[in-house]
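Reviewing the structure listed below.
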Amino acid sequence: MVVCWILGLGCLVSWNSLLTIGDYYYNLFPSKMQVSRQRYHPSRVLTLVYQPFAFATTAVLTYKEAKINTRWRNLIGYTLFFASTLSLLVLDLATSGKGGVGPYIGICVIVCFIGVASANVQGGMVGELSFMLPELIQSFLAGWAAAGTLTSVLRLLTKAAFEKSDNVLFLAISTFITFLCFILYASYFPSLPIVVYYRSKAASEGSKTVSSDLAAAGIQAEANQEVEGNATPQQRLSIKQLFFQNIDYALDLFLIYAMTLSIFPGFIFENTGAHQLGSWYPLVLITMFNAWDFIARYIPLVQCLKIESRKGLMIAVLSRFLLIPAYYFTAKYGDQGWMIILTSFLGISNGYLTVCVLTVAPKGVSLDWLWLIGHGHF
């Protein structure tokens, strides 16, 4: 669980690094018209750049899942995370922290690669852990949220301690974390006994995507299948069958993040007004979101507090859309205290519902075979 937590941390630390230093990018690329400067809207634009690349890559990888080497998919993803975060650091040093169209385009290109990396690792790791234990998925998802919390705390510390080079140190730490995750997944994760057990079980049931994973642990898939010779290969389900059997879970996740991304981070950076906290205000809001998102991902560990009903999950997800008018009236009439409370609740609901959906869904028979998505039978 600790290893999965760290791998989840590395999965989103690159993207959260971009979001957390949004105050720095808004100084370089202002959203309001100023002398000789254009409107850049970094938090909104970077999110719009990130999402299409993440979604398109996920769609392609899902369609080709049965033929894709899971180990190499995740290694490529973690490599891109490391290279992208390092590129952000190098770009900032090379331009001496100056704005302009050129650096802005460079950041957008880097964000494209972060989107591709996220699609590789998020889908690959969640799919792989889905045929193991729900506790491992929960730990991995908690690592996602920890990435936001960690980057927020680091940003607060570096902003307070360093006047000019705070972003350099911050990006350097994030780069080290992504490199650590690459090493961890490449060398240590494959040899964990529980991982070896479930991968061997998958191979014995007909999976063709875990052979290199087993080889990394010194196990030949063919030999394992002979040992497990009495196991009957599972019937393969097509992507279409899997989708329609679990369409409500897919819709839940879509609505959770459609709602969250409609407010976070663009609205928080540009539409919450000016308050006593000054330039610290957006950073405080982001920190509160990330901290409560992280805490909420542990709530489902208490069984009586976990929503497992499909209908219950859908009602809870739809009710979050009441936050949209709440944010509108709070931004217009409320003070910074109410906005902090509202953003904290946004983080709580985001983290809690994400874990509920992704830990309940694999308990279904159909999702136990996610790794068996079959041969393009669409």
Side-chain angles (χ1 to χ4, degrees), residues 1-16 51 54-55 57-66 68-78 80-81 114-148 181 184-185 189-190 192 194-195 198-199 202 207 209-210 213 237 239 242-243 245-254 256-257 260 293-294 297-298 300-301 313 350-373:
M1 289 179 68
V2 173
V3 172
C4 290
W5 188 90
I6 296 173
L7 291 175
L9 175 71
C11 186
L12 277 184
V13 72
S14 298
W15 175 238
N16 277 288
Q51 292 298 333
F55 178 78
T57 305
T58 299
V60 172
L61 292 174
T62 300
Y63 187 74
K64 299 291 185 181
E65 173 66 23
I68 293 176
N69 185 306
T70 306
R71 174 176 169 79
W72 283 106
R73 169 181 176 170
N74 289 328
L75 285 175
I76 289 172
Y78 280 116
L80 287 176
F81 279 137
I114 293 178
V116 173
S118 297
N120 275 276
V121 176
Q122 290 183 21
M125 287 299 299
V126 171
E128 188 170 18
L129 296 176
S130 289
F131 67 85
M132 296 185 189
L133 294 175
E135 290 81 2
L136 298 183
I137 301 177
Q138 184 276 331
S139 185
F140 181 76
L141 296 178
W144 282 11
C181 288
L184 189 64
Y185 182 82
F189 182 77
L192 291 174
I194 191 170
V195 174
Y198 279 107
R199 283 175 171 173
S207 174
T209 64
V210 295
D213 299 306
L237 298 179
I239 299 174
L242 280 173
F243 177 75
Q245 287 185 17
N246 302 280
I247 190 171
D248 56 328
Y249 290 130
L251 185 60
D252 284 340
L253 288 176
F254 173 80
I256 288 170
Y257 286 94
T260 299
D293 179 49
F294 172 63
R297 295 186 184 227
Y298 286 94
L301 288 177
L313 282 172
N350 184 80
Y352 172 74
L353 290 174
T354 297
V355 171
C356 283
V357 172
L358 288 178
T359 54
V360 171
K363 291 183 179 180
V365 174
S366 58
L367 283 188
D368 283 342
W369 301 337
L370 272 178
W371 50 273
L372 284 175
I373 291 176

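Every heavy atom of this structure was used, including side-chain atoms; hydrogens, water molecules and symmetry mates were not. Note that the coordinates shown come from a computational prediction; the quantities given were computed from them, not determined experimentally.
Atom OH of Y257 has more than 12 heavy atoms from other residues, nucleotides or ligands within 6.0 Å.
In this structure, CE on M1 lies 13.0 Å from CG on L192, to the nearest 0.5 angstrom. Between T260 atom OG1 and N350 atom CG the span is 3.5 Å, to the nearest 0.5 Å. With rounding to the nearest 0.5 Å, the separation of CH2 in W15 from CH2 in W144 is 14.0 Å. Between N120 atom CG and N74 atom CG the span is 7.5 Å, to the nearest 0.5 Å. Atom-to-atom distance recorded for I194:CD1 and M132:CE is 8.0 Å, nearest 0.5 angstrom. Note that CZ of F140 is 10.0 Å distant from CG of L9, once rounded to the nearest 0.5 Å.
At least one donor-acceptor pair closer than 3.5 Å links the side chain of R297 to the backbone N or O of L141. Put simply, the side chain of T57 never gets that close to the backbone of V116: no donor and acceptor are under 3.5 Å apart. Between the side chain of N246 and the main chain of Y249, no donor-acceptor pair closer than 3.5 Å is present.
Across L313, I256, D252, a single residue satisfies side-chain contact (heavy atoms from CB on, under 4.5 Å) together with C356, and that is L313. Of the candidates R73, R71, R199, E128 forms a side chain to side chain donor-acceptor pair (under 3.5 Å) with just one, namely R199. Checking each of L129, I137, L136 against L133 for a side-chain contact (heavy atoms from CB on, under 4.5 Å) leaves exactly one that passes, namely L136.
Relative ring orientation between Y185 and Y78 is described as tilted, the plane-to-plane angle lying within the 30° to 60° band.
In this structure, F294 and A142 approach most closely via the heavy-atom pair CD1-O, 3.5 Å. Heavy atoms only, all atoms of each residue included: D293 and A145 are closest at OD2-CB, 3.4 Å. Here the shortest heavy-atom pairing between W5 and Y298 reads NE1-OH, 3.2 Å. The heavy-atom pair separating S139 from V2 by the smallest distance is OG-N, 4.4 Å.
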Could you check Y63 against V60 for side chain to side chain contact (heavy atoms under 4.5 Å, CB included), going step by step and ending with a plain yes or no? CA-CA 5 Å; Y63 187 74; V60 172; 5.9 Å; no
Apply the test side chain to side chain contact (heavy atoms under 4.5 Å, CB included) to residues V13 and F81: give CA-CA distance (whole Å), side-chain angles for both, the deciding distance (0.1 Å), then the verdict. CA-CA 8 Å; V13 72; F81 279 137; over 6 Å; no
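V121 has its side chain out of reach of L80: every pair of non-hydrogen atoms, C-beta onward, lies at least 4.5 Å apart. In this structure, the side chains of C181 and I6 come closer than 4.5 Å at one or more pairs of heavy atoms.
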